[in-house]
Amino acid sequence: MTILNDLERYYDTVPRTGGARTEDLGPLTLFVQEGSGWPYYARPALGGDTVTADDVLRARERQRELDVPEAFEWVAETTPSLEAAARAAGLHVHAHPLMVLDPGAEALPPHPEVRLLDATDPLLRAAVTVPALAFAAPGTALGEAGPAELATALADPSTAGRAAMVSTKISSGRSAMAAAVRDGIVLCSGMYNPVDGVAEIVGVGTLPAARRQGLALAVTAALVTDARERGAGLVFLSAGDEDVARIYGRAGFRRVGTAMIAEPAAE
């Protein structure tokens with residue numbers, strides 16, 4: 001359980017470093033973003049007890065009062081009671097392979113189209129936007145969304161705000177971002193967030209029209225290399241599904257558990 005305990009501490013720390021305040025809801029901790037920034041979620045309190053459906057319902061009520069997402073995240077092996085509690089409280093539950101990088105994994109060779117982005121990179125806004133298009137069409141199959149759809153998405157003024165938040169995180173050292181760029185167009189991007197020697201790789205997504213070219217693996221490899229160079233001894237991620245997990249396995253990641261997400265079902 002040592003690795004899972006390390007991940008629990010990481011999960012509890014990251015929102016606090018990202019500007020969130022906390023509310024103690026018994027066996028759950030609710031993280032609430034103060035000011036601008038990514039919305040957070042409720043998750044099991046460190047060393048918490050069994051979670052019941054009533055605990056989840058109370059947390060959902062408080063989330064509605066605060067007008068924040070009714071979202072819950074946890075690790076199945078660490079808090080096994082929460083899945084049944086979330087379902088009983090009327091939430092839809094998603095399970096994702098939780099994977100850590102083997103400390104002995106050899107670094108993959110750098111990809112010629114992949115580079116790290118700094119806080120002032122002119123392609124940062126596109127790099128922040130690409131994963132949203134990727135996750136709108138989940139999976140690894142080729143899809144329709146490509147450069148034209150990216151250009152349309154970038155016309156939305158809200159993308160500038162999201163890019164500004166990421167720029168601030170990069171400047172402060174709380175995040176790093178890499179992207180695959182071809183002919184000046186971002187085709188794939190991803191980030192990692194380091195805290196106390198642990199780094200989570202998040203938001204790796206490829207434009208659906210550019211899939212099946214190894215770009216997500218190459219971006220992940222670049223993030224791994226940078227995280228290791230910056231002192232991360234534990235690098236982990238949550239894969240979208242088993243097919244994606246097999247891809248990450250080629251970069252030296254192995255499964256250690258199951259990351260769970262619960263939220264209201266889409267209407």
Side-chain angles (χ1 to χ4, degrees), residues 7 10 14 38 96-135 138 140 146-147 150 162-163 165-240 243-255:
L7 296 186
Y10 175 92
V14 165
W38 308 113
H96 304 276
L98 179 62
M99 310 180 76
V100 301
L101 183 69
D102 189 324
E106 294 186 10
L108 296 179
H111 191 289
E113 295 178 312
V114 174
R115 61 180 175 85
L116 293 171
L117 307 183
D118 64 28
T120 62
D121 196 296
L123 291 179
L124 185 63
R125 184 171 175 179
V128 172
T129 304
V130 162
L133 294 173
F135 301 147
T140 60
L150 175 59
R162 289 194 291 272
M165 286 189 289
V166 172
S167 177
T168 299
K169 293 181 67 176
I170 293 173
S171 294
S172 66
R174 292 185 290 119
S175 290
M177 173 163 266
V181 182
R182 183 179 302 157
D183 298 327
I185 299 172
V186 176
L187 300 180
C188 177
S189 63
M191 301 171 61
Y192 74 84
N193 303 315
V195 175
D196 298 333
V198 180
E200 181 183 17
I201 294 177
V202 298
V204 177
T206 304
L207 285 179
R211 288 173 177 161
R212 301 294 181 91
Q213 300 180 49
L215 298 180
L217 187 62
V219 165
T220 300
L223 294 170
V224 165
T225 296
D226 192 63
R228 282 175 152 179
E229 290 176 349
R230 290 174 56 180
L234 176 59
V235 181
F236 77 101
L237 53 79
S238 298
D243 289 337
V244 175
R246 282 189 284 273
I247 294 173
Y248 287 130
R250 300 206 294 270
F253 285 87
R254 60 183 177 84
R255 185 167 184 169

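Being a predicted model, the structure only gives us computed values, none of them experimental.
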Trainee: Give the C-alpha distance, both sets of side-chain angles, the deciding distance and a yes or no for side-chain contact (heavy atoms from CB on, under 4.5 Å) between Met191 and Val166.
Mentor: CA-CA 9 Å; Met191 301 171 61; Val166 172; 4.0 Å; yes
Trainee: Any side-chain heavy atom of Arg115 within less than 4.5 Å of one from Asp121?
Mentor: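 Result yes, sub-4.5 Å side-chain heavy-atom pair found.
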Trainee: Under a 4.5 Å cut-off applied to non-hydrogen side-chain atoms, are Leu215 and Glu113 in contact?
Mentor: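 A side-chain contact under 4.5 Å exists here.
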Trainee: Does some side-chain heavy atom of Val128 sit less than 4.5 Å from a side-chain heavy atom of Met177?
Mentor: yes
Trainee: Going through the checks in order, is the side-chain contact (heavy atoms from CB on, under 4.5 Å) test met by Arg212 and Thr140?
Mentor: CA-CA 7 Å; Arg212 301 294 181 91; Thr140 60; 4.0 Å; yes
Trainee: Can you tell me how far apart CZ (Arg250) and CG (Leu108) are? Round to the nearest 0.5 Å.
Mentor: 9.5 Å
Trainee: What's the spacing between His96 NE2 and Ser238 OG if we round to 0.5 Å?
Mentor: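 Interatomic distance, His96 NE2 to Ser238 OG, rounded to 0.5 Å: 7.5 Å.
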Trainee: Using the rule side chain to side chain contact (heavy atoms under 4.5 Å, CB included), only one of Thr129, Val186, Leu117 pairs with Leu124; which is it?
Mentor: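 Filter result, single survivor: Leu117.
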Trainee: Could you work out, with ring pair (Phe, Tyr, Trp, His ring centres under 6.0 Å) as the rule, every residue matching Phe236, not counting sequence neighbours?
Mentor: Tyr10, Tyr11
Trainee: Ignoring hydrogens, what is the shortest heavy-atom contact between Cys188 and Val130? Give both atom names and the distance.
Mentor: CA-CG1, 4.2 Å
Trainee: Which heavy atom of Met99 sits nearest to which heavy atom of Gly249, and what is that distance?
Mentor: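 Result for this residue pair: CE-N, 4.2 Å.
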Trainee: If the condition is side-chain hydrogen bond (donor to acceptor under 3.5 Å, both in side chains), which residues does Asp243 pass it with, not counting sequence neighbours?
Mentor: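 Partners of Asp243 under the side-chain hydrogen bond (donor to acceptor under 3.5 Å, both in side chains) test: Arg246.
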Trainee: Where the side chain of Arg228 meets the backbone of Val235, is there a donor-acceptor pair that is under 3.5 Å apart?
Mentor: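 A pair under 3.5 Å: no.
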Trainee: Specify the closest pair of heavy atoms between Gly203 and Pro131, including all atoms of both residues, with the distance to one decimal.
Mentor: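 Looks like O-CG, 3.3 Å.
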Trainee: Looking only at non-hydrogen atoms, find the nearest pair between Arg230 and Ala176 and report the distance.
Mentor: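 In terms of heavy atoms, the two residues are closest at NH1-CB, 3.5 Å.
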Trainee: Could you tell me the separation between the CZ atom of Phe253 and the CG atom of Leu98, rounded to the nearest 0.5 Å?
Mentor: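 Answer rounded to 0.5 Å: 11.0 Å.
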Trainee: Would you say Tyr248 and Val204 make side-chain contact, with heavy atoms under 4.5 Å?
Mentor: yes
Trainee: Does some side-chain heavy atom of Val100 sit less than 4.5 Å from a side-chain heavy atom of Arg254?
Mentor: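 A side-chain contact exists here, since the closest heavy-atom pair is under 4.5 Å.
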Trainee: Which atom pairs, one a donor and one an acceptor, fall under 3.5 Å between side chains of residues 216-224 and the rest of the protein, sequence neighbours left out?
Mentor:
unit_1: Thr220; atom_1: OG1; unit_2: Ala216; atom_2: O; d: 2.8

Trainee: So which heavy atom on Leu101 is nearest to which on Ala251, and how close?
Mentor: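 Answer, listing the atom of Leu101 first, then Ala251: CD1-O, 3.4 Å.
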Trainee: Side chains of Gln213 and Thr206: does their closest heavy-atom pair fall under 4.5 Å?
Mentor: no
Trainee: Does a side-chain heavy-atom distance below 4.5 Å link Tyr192 with Leu237?
Mentor: no
Trainee: Show the nearest heavy-atom pair for residues Ala210 and Leu187, with the distance to one decimal.
Mentor: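 Ala210 and Leu187 have their closest heavy atoms at CB-CB, 4.1 Å.
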Trainee: For Ala119, is there any backbone N or O sitting under 3.5 Å from a side-chain donor or acceptor partner on Ser167?
Mentor: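 Such a contact is found between Ser167 side chain and Ala119 backbone.
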